[in-house]
Amino acid sequence: MSVIKPCLIFGLFLMLSCNSAKKEMSTGSISNFKSDLVLQKNVEKLKEVSQSLTNVDSFPRNVKKNKKDWDFVDAADWCSGFWPGTLWYAYESSGDKELLKEAQRFTNPLKIIAYTPALDHDIGFQLYCSYGNGYRLTGNEEYKKILLAAADTLATLYNPKAGTILSWPSQVGKFKHNTIIDNMMNLELLFWAAKNGGDQKLYDMAKSHAEKTMNYLVRKDSSIYHVGSFDQNTGEFLRGYTHQGYADESMWARGQGWGIYGFSMAYRETGDQAFLDTAIKLSEHYIKRLPKDGIPYWDFDDIKIPNAPKDASAAGVAACGLLELSQLVKDEKLKAKYINAATSYLEILSSKKYLSGNENQALLLHSTGHHPNNSEIDIPIIYADYYYMEALLRLKKINDAKS
Ligand code: GLY
């Protein structure tokens with residue numbers, strides 16, 4: 001037999017197993033995506049990049065077009081917690097003590113945020129991704145103290161009339177008392193604090209915020225307004241807007257992801273069936289409207305689609321949310337559907353098209369930050385890496401529990 005034949009047969013085998021993996025994914029069984037291997041490679045890269053960074057008061061935020069290295073922001077930026085958070089996930093995944101040191105050295109400079117009057121709701125992203133993961137993994141009592149202070153600081157933005165947190169104090173002139181869908185993510189800090197020695201009112205605030213968001217920001221068709229505007233004095237809901245989406249009534253991809261994740265988490269924390277129903281509705285609508293490759297365009301309604309930029313970060317956020325949801329729904333078919341959907345997005349994100357490899361210091365290419373502002377379009381952004389790593393770890397835990 002010539003050597004060509006075995007090669008052809010092996011090639012055919014690979015083709016068939018890839019095809020059958022794809023088919024299995026859409027029909028509800030397990031793919032052969034090697035997520036552990038991807039996780040390991042990502043960890044190696046994160047360690048190398050982190051050890052090359054000398055200034056701990058600067059946090060990676062994005063990689064500009066045609067550049068290789070991260071651009072940095074200071075602690076006050078809303079994205080400052082994602083880099084230490086990504087390092088915590090790398091440490092969690094590997095147990096590597098050098099990564100623990102890296103995670104700690106980028107977490108510590110963020111302490112000041114917990115004790116500074118709240119600029120906006122982003123305290124949750126900044127501190128729960130950094131100190132929150134750090135406390136979960138180390139039990140460091142100092143971290144706990146800082147997280148409790150951060151929750152109290154975030155709670156100062158709560159307006160009892162509206163029953164929600166004021167997301168952006170700087171935007172009151174335009175949107176009045178505004179509550180954005182992203183803010184759902186930061187309720188986790190309040191729920192956590194209420195369970196860990198903080199005031200029980202933090203739980204009530206978080207629950208009320210989630211209820212108002214569900215009642216006013218989620219539209220009938222199961223898409224979501226980015227911004228809900230309320231009267232500051234009466235708390236009356238005025239109208240929905242967009243800020244980072246294509247149009248007021250369009251479906252901004254990352255916003256839909258924040259909603260899927262946020263309402264799943266709110267159900268986990270409260271047991272309120274309405275939050276679970278909402279998370280399912282949002283997920284079904286998201287999955288139904290995705291383009292073929294499973295990675296959304298930055299906004300589902302941009303009229304330039306298919307010539308519009310993608311948003312890998314939205315895919316990562318949605319994958320985390322769907323994996324969370326898969327552990328909460330009782331129906332086995334739905335559970336499998338959400339695990340398989342998230343697995344398929346992670347597999348695509350881990351392909352050559354989205355993974356940066358040696359191209360630059362980030363893990364993922366092709367995220368879109370604020371399209372209407374013409375900023376951060378189709379480039380690597382730190383929160384894409386953070387949620388991508390989180391989703392890979394979530395998937396690993398689900399798969400490990402099965403075996
Ligand atoms: N929270 C801001 C964003 O999603 O871009």
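This structure is a prediction, so every number in the text was calculated from the model and none was measured. All ligand and atom numbering here is 1-based and tracks the order in the structure. What you see below is based on every heavy atom in this structure, not just the backbone, and it leaves out hydrogens, waters and symmetry mates.
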Present, as a list of atom pairs with distances to 0.1 Å, all nitrogen or oxygen contacts under 3.5 Å between ligand 1 and the protein.
{"from": "ligand 1", "atom 1": "1 (N)", "to": "Asp182", "atom 2": "OD2", "distance (Å)": "2.6"}
{"from": "ligand 1", "atom 1": "4 (O)", "to": "Asp182", "atom 2": "OD2", "distance (Å)": "3.3"}
{"from": "ligand 1", "atom 1": "4 (O)", "to": "Arg254", "atom 2": "NE", "distance (Å)": "2.8"}
{"from": "ligand 1", "atom 1": "4 (O)", "to": "Arg254", "atom 2": "NH2", "distance (Å)": "3.4"}
{"from": "ligand 1", "atom 1": "4 (O)", "to": "Trp258", "atom 2": "NE1", "distance (Å)": "3.0"}
{"from": "ligand 1", "atom 1": "5 (O)", "to": "Gln244", "atom 2": "NE2", "distance (Å)": "2.7"}
{"from": "ligand 1", "atom 1": "5 (O)", "to": "Arg254", "atom 2": "NH2", "distance (Å)": "2.6"}

**OP:** Using a strict cut-off of less than 4.0 Å between a Lys/Arg side-chain nitrogen and an Asp/Glu carboxylate oxygen, indicate whether Lys353 and Asp293 qualify as a salt bridge.
**Re:** yes

Original post:
Salt bridge or not for Arg268 and Glu324, using N-O below 4.0 Å?
Top reply: yes

Subject >> Residues that Tyr135 engages under ring-ring contact (aromatic ring centres under 6.0 Å, His included), provided they are two or more places apart >> reply: Trp192

Original post:
Counting distance only, does the side-chain N/O of His370 pair as donor-acceptor with the main-chain N or O of Ser375 below 3.5 Å?
Top reply: no

Subject >> Check: Arg254/Ser313 side-chain N/O donor and acceptor closer than 3.5 Å >> reply: yes

Original post:
In terms of side-chain heavy atoms, does Ser250 have a donor or acceptor partner in Asp299 at a distance below 3.5 Å?
Top reply: yes

